[in-house]
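Worth saying up front: this structure is predicted, and the values here are computed from it rather than measured.
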Amino acid sequence: MTADETPLEHERRAKVARLRADGREPYPWDFRDRVPSDRVRSASAALAPGTSDAGQTFRVAGRLKAVREHGQTAFADLEDGAGRIQLLLRADELGEGPYRAWLSDLDPGDLVGAEGRASRTRRGEPSLEVRELTLLAKAISPPPEKYHGLQDLEERIRRRYLELLASPESRERLRVRSELVREMRRYLDGAGFWEVETAILVPVASGAAAAPFVTRSNYLDGEVRLRISLELPLKRLLVGGVERVYELAKAFRNEDLDSTHSPEFTELEAYWAYADYHDMRRLVEGLFVRLADRVEELRPDDPAVRQGAALFRPPFPTVDFVEALERASGTSDVLSKSRDELRDLARAVGSTVPENSSTGTFLDKLFEHYVEPTFDRITFVVDHPVATTPLAKRHRSKPGRVERFEIFAPGYELGNAYTELNDPDEQERRFREQLGERGDDTYAYDGDFVRALRFGLPPTAGVGLGVDRIVMALTGAASIKDVILYPLVRAR
RNA sequence: GGGCCCGUAGCUCAGCCCGGUAGAGCAGGCGGCUCUUAACCGCAAGGUCAGGGGUUCGAAUCCCCUCGGGCCCGCCA
């Protein structure tokens with residue numbers, strides 16, 4: 001036994017050695033002409049129990065899930081991407097010697113190819129009556145327990161492959177996410193948006209107030225950061241004449257992981273020239289309907305999905321940030337309160353944000369405390385105070401406000417959109433006001449972005465959506481870890 | 001950062017309160033069985049009880065520390 005080998009693994013390595021000694025390759029190169037297992041299943045369905053169809057030969061390949069030996073007959077479950085099919089092995093069909101050899105050489109977890117004919121057992125189970133069996137890859141380590149699977153949450157995350165191979169449900173979650181992301185792209189592609197990729201490694205992490213990951217470039221002989229949002233590079237593209245653009249990719253924030261936050265998360269940001277936030281709301285609502293339709297198409301019988309999809313169907317309630325906050329908190333004239341007054345109000349409701357936080361931060365804290373918990377459906381919060389949103393254009397008719405909407409699902413934020421601020425001097429002023437008010441959790445000052453605005457950014461609407469959270473809400477996932485394949489874990 | 005909880009065989013879990021030879025099922029080994037499907041029956045095997053320290057005649061069990069994880073709260077516009 002090698003140092004980290006368990007007795008089980010030792011046993012299975014011995015089988016590999018036995019196969020090789022026998023001239024049979026335990027890791028062959030290919031297995032041609034296989035069909036998905038559901039083809040066998042449907043061919044079997046037509047048969048009478050206890051019969052088989054000698055007319056057609058099928059070749060299937062997949063993972064061996066269970067072997068039920070029964071003397072001169074044995075049953076095995078083979079699982080592939082299309083599902084599960086039972087293999088029927090008979091000593092009189094395979095020959096006593098080969099039959100015995102197969103049963104002693106094969107273990108649950110092995111990848112095998114099988115050739116045979118469709119049949120149905122006496123009890124009616126669709127099966128493949130096997131004429132020939134080929135080991136395609138020997139599993140040295142045993143799979144998780146066949147009935148309970150892999151339960152330990154830590155193991156499920158650290159060794160995602162084990163969860164996936166043990167649980168069709170986890171593979172299904174992965175498929176649904178993949179299809180939903182594809183649908184987002186299809187929707188924006190169809191609306192004439194170009195998909196682009198902007199830099200992940202940046203000199204200044206801008207576009208949001210969050211702590212970046214800092215790393216080092218040997219080439220630059222200095223620090224670089226991982227982006228915390230996609231916003232500013234995308235808006236620069238509109239200065240350059242690109243009119244509709246989106247990026248669907250990861251952003252990184254140096255923060256804790258909990259049920260709704262992950263230090264690396266997937267964002268969808270889209271920018272649309274010659275449009276405002278009313279246009280953007282229509283675009284987003286159209287996307288939500290498409291996603292709701294798609295997810296119900298994918299999982300029509302899943303009650304959590306039915307509930308999730310229903311959330312994403314308009315009409316959505318609209319809540320005015322200031323009115324809602326004033327009503328819920330019993331405070332009047334929130335917009336004319338000083339930073340210190342707002343700080344005291346936030347303190348009074350238990351917020352422990354730093355003393356020197358910005359006016360916008362205190363307003364957000366108050367909103368979070370008084371209004372957010374009341375959302376029981378997807379809600380659009382609109383027209384935030386200017387101080388909360390340094391990159392948004394001031395409201396055309398409501399003084400002290402910006403043209404913005406924020407989208408909330410019950411329990412967490414899904415996205416954020418506004419008519420983009422395109423006045424370079426006002427942008428510079430707004431950045432500096434925040435910097436002046438407070439130190440480290442403000443938006444990083446991106447001087448080059450202000451310089452870009454001086455060349456003219458068209459009137460523009462932009463949106464940022466949390467892709468992981470949208471998938472959560474649509475599928476009824478309780479934790480972001482259910483929709484992110486590899487959440488950040490400590491090395492062990 | 002604070003509080004509570006968890007870590008026992010490859011996997012799923014008992015045992016911990018109230019200290020006294022470390023258990024079961026699955027998987028694996030050997031034997032039996034020609035229609036099972038969490039197959040079944042018999043036999044044998046499998047352990048750094050997360051790690052370290054302490055209390056005790058004796059610690060998986062009680063105490064302390066460390067590591068990893070979970071949940072809640074805080075922080076993260």
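Near RNA chain B, defined here as any heavy-atom distance below 4.0 Å, the residues from residues 257-270 of chain A are Asp258(A), His261(A), listed numerically.
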Walk me through it: do Asp107(A) and Val67(A) pass the test side-chain contact (heavy atoms from CB on, under 4.5 Å)?
CA-CA 8 Å; Asp107(A) 293 296; Val67(A) 182; over 6 Å; no
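With rounding to whole Å, Glu129(A) atom CD is found 12 Å from rU34(B) atom C1'. When rounded to the nearest whole Å, the span between CG of Asp256(A) and C1' of rC73(B) equals 12 Å. The nearest whole Å value for the distance from the CD1 atom in Ile157(A) to the P atom in rC6(B) is 20 Å. The separation between Glu69(A) atom CD and rC33(B) atom C1' is 10 Å, rounded to whole Å. For the pair Arg68(A) CZ and rG28(B) P, the interatomic distance rounds to 13 Å; values are reported in whole Å. Residue Ile140(A) contributes atom CD1, which lies 16 Å from atom P of rG10(B) at whole-angstrom precision. The interatomic distance linking Leu153(A) (CG) with rG70(B) (C1') rounds to 7 Å, in whole Å. Residue Arg18(A) contributes atom CZ, which lies 11 Å from atom C1' of rG29(B) at whole-angstrom precision.
Every residue two or more places apart in sequence or in another chain that forms a side-chain contact (heavy atoms from CB on, under 4.5 Å) with Arg327(A) is listed here: Glu323(A). Qualifying ring-ring contact (aromatic ring centres under 6.0 Å, His included) partners for Phe213(A), counting only residues two or more places apart in sequence or in other chains: none. Taking Thr266(A) as the reference, Arg177(A) meet the side chain to side chain donor-acceptor pair (under 3.5 Å) condition, with sequence neighbours excluded. By the ring-ring contact (aromatic ring centres under 6.0 Å, His included) test, Phe380(A) pairs with Phe316(A), Phe405(A), sequence neighbours left out. With sequence neighbours left out, the ring-ring contact (aromatic ring centres under 6.0 Å, His included) criterion links Phe408(A) to Phe375(A). Residues satisfying the side-chain contact (heavy atoms from CB on, under 4.5 Å) test with Pro203(A), not counting sequence neighbours, are none. Taking Phe321(A) as the reference, Phe367(A), His384(A) meet the ring-ring contact (aromatic ring centres under 6.0 Å, His included) condition, with sequence neighbours excluded. Contacts of Pro49(A) classified as side-chain contact (heavy atoms from CB on, under 4.5 Å), with partners at least two apart in sequence or in another chain: Arg120(A).
Asp152(A) comes within 4.0 angstrom of the backbone, heavy atoms only, and of no base. Residue contacts for Ser127(A): at a heavy-atom cut-off of 4.0 Å it reaches no nucleic acid atom on any strand shown. Among the heavy atoms of the strands lying under 4.0 Å from Thr121(A) is at least one base atom, whether or not backbone atoms are also near. Contact annotation for Gly149(A): backbone-only contact, meaning every heavy-atom pair under 4.0 Å involves sugar-phosphate atoms and none involves a base. At a threshold of 4.0 angstrom between heavy atoms, the contacts of Arg158(A) are confined to the sugar-phosphate backbone, with no base atom among them. The residue Arg490(A) sits close only to the backbone: its heavy atoms come under 4.0 Å of sugar-phosphate atoms, none of a base. Among the heavy atoms of the strands, none lies under 4.0 Å from Leu162(A). Lys15(A) comes within contact range of the sugar-phosphate backbone alone, with a heavy-atom separation under 4.0 Å but no base atom that close.
Paired with Asp105(A) under the rule salt bridge (charged side-chain N to carboxylate O under 4.0 Å, His left out), one option of Arg12(A), Arg24(A), Lys138(A) passes, and it is Arg24(A). Of the candidates Lys235(A), Arg394(A), Arg236(A), Arg404(A), Lys235(A) is the only one forming a salt bridge (charged side-chain N to carboxylate O under 4.0 Å, His left out) with Glu420(A). In summary, of the residues considered (Asp423(A), Thr460(A), Asp276(A), Asn422(A)), a side-chain hydrogen bond (donor to acceptor under 3.5 Å, both in side chains) with Lys393(A) occurs for Asn422(A) alone.
No N or O donor and acceptor, one from the side chain of Gln151(A) and one from the base of rU12(B), sit under 3.5 Å apart.
rG19(B) and rG29(B) have their C1' atoms separated by 36 Å, with the value rounded to a whole Å. To the nearest whole angstrom, the two C1' atoms, one in rA38(B) and one in rC75(B), are 46 Å apart. Annotation: rG10(B) and rG47(B) have their P atoms spaced 8 Å apart (nearest Å). For the P atoms, the distance from rU61(B) to rG53(B) is 13 Å, rounded to whole Å. Spacing between rC65(B) and rC72(B) at atom P, rounded to whole Å, works out to 25 Å. Rounded to whole Å, the separation between the P atoms of rC11(B) and rC49(B) comes to 15 Å. Separation of the P atoms belonging to rU21(B) and rA60(B) is 10 Å when rounded to the nearest angstrom. Between the P atoms of rC26(B) and rA22(B), the separation comes to 24 Å (whole Å).
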When the side chains of residues 69-77 of chain A are checked against the rest of the protein, which donor-acceptor pairs come out under 3.5 Å, sequence neighbours left out?
from, atom 1, to, atom 2, distance (Å)
Asp77(A), OD1, Arg68(A), NH2, 3.1
Asp77(A), OD1, Arg84(A), NH1, 2.8
Asp77(A), OD2, Arg68(A), NH1, 3.0

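Nucleotide rC4(B) forms a pair with rG70(B), judged by Watson-Crick or G-U wobble geometry with both contacts under 3.5 Å. Searching all strands for a Watson-Crick or G-U wobble partner of rC75(B) with both distances below 3.5 Å returns nothing. Shown here, rC43(B) forms a base pair with rG29(B); the pair counts as Watson-Crick or G-U wobble because both key distances fall under 3.5 Å. When both distances must be under 3.5 Å, the Watson-Crick or G-U wobble mate of rG20(B) is rC57(B).
Across rG69(B), rG28(B), rU34(B), the shortest atom-to-atom separation from the side chain of Glu11(A) is found for rG28(B).
Checking the phosphate oxygens (OP1, OP2) of rC75(B), no side-chain nitrogen or oxygen of Thr361(A) falls inside 4.0 Å. Regarding contacts with the backbone of rC33(B), every side-chain N or O of His70(A) stays at 4.0 angstrom or more from both OP1 and OP2.
Counting only N and O atoms by type, the side chains of Asp383(A) and Tyr277(A) include a donor and acceptor under 3.5 Å apart.
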So which protein N/O to nucleotides 42-46 of chain B N/O distances come out below 3.5 Å?
none

Taking only nitrogen or oxygen atoms into account, show me every contact under 3.5 Å that the protein makes with nucleotides 23-27 of chain B, one pair per line with its distance.
from, atom 1, to, atom 2, distance (Å)
rC26(B), O3', Lys146(A), NZ, 3.3
rA27(B), OP1, Lys146(A), NZ, 2.7

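In this structure, CG on Leu268(A) lies 11.5 Å from CG on Asp468(A), to the nearest 0.5 angstrom.
Positionally, the nearest nucleotide of RNA chain B for Leu88(A) lies more toward the 5' end than for the other of Leu88(A) and Lys481(A).
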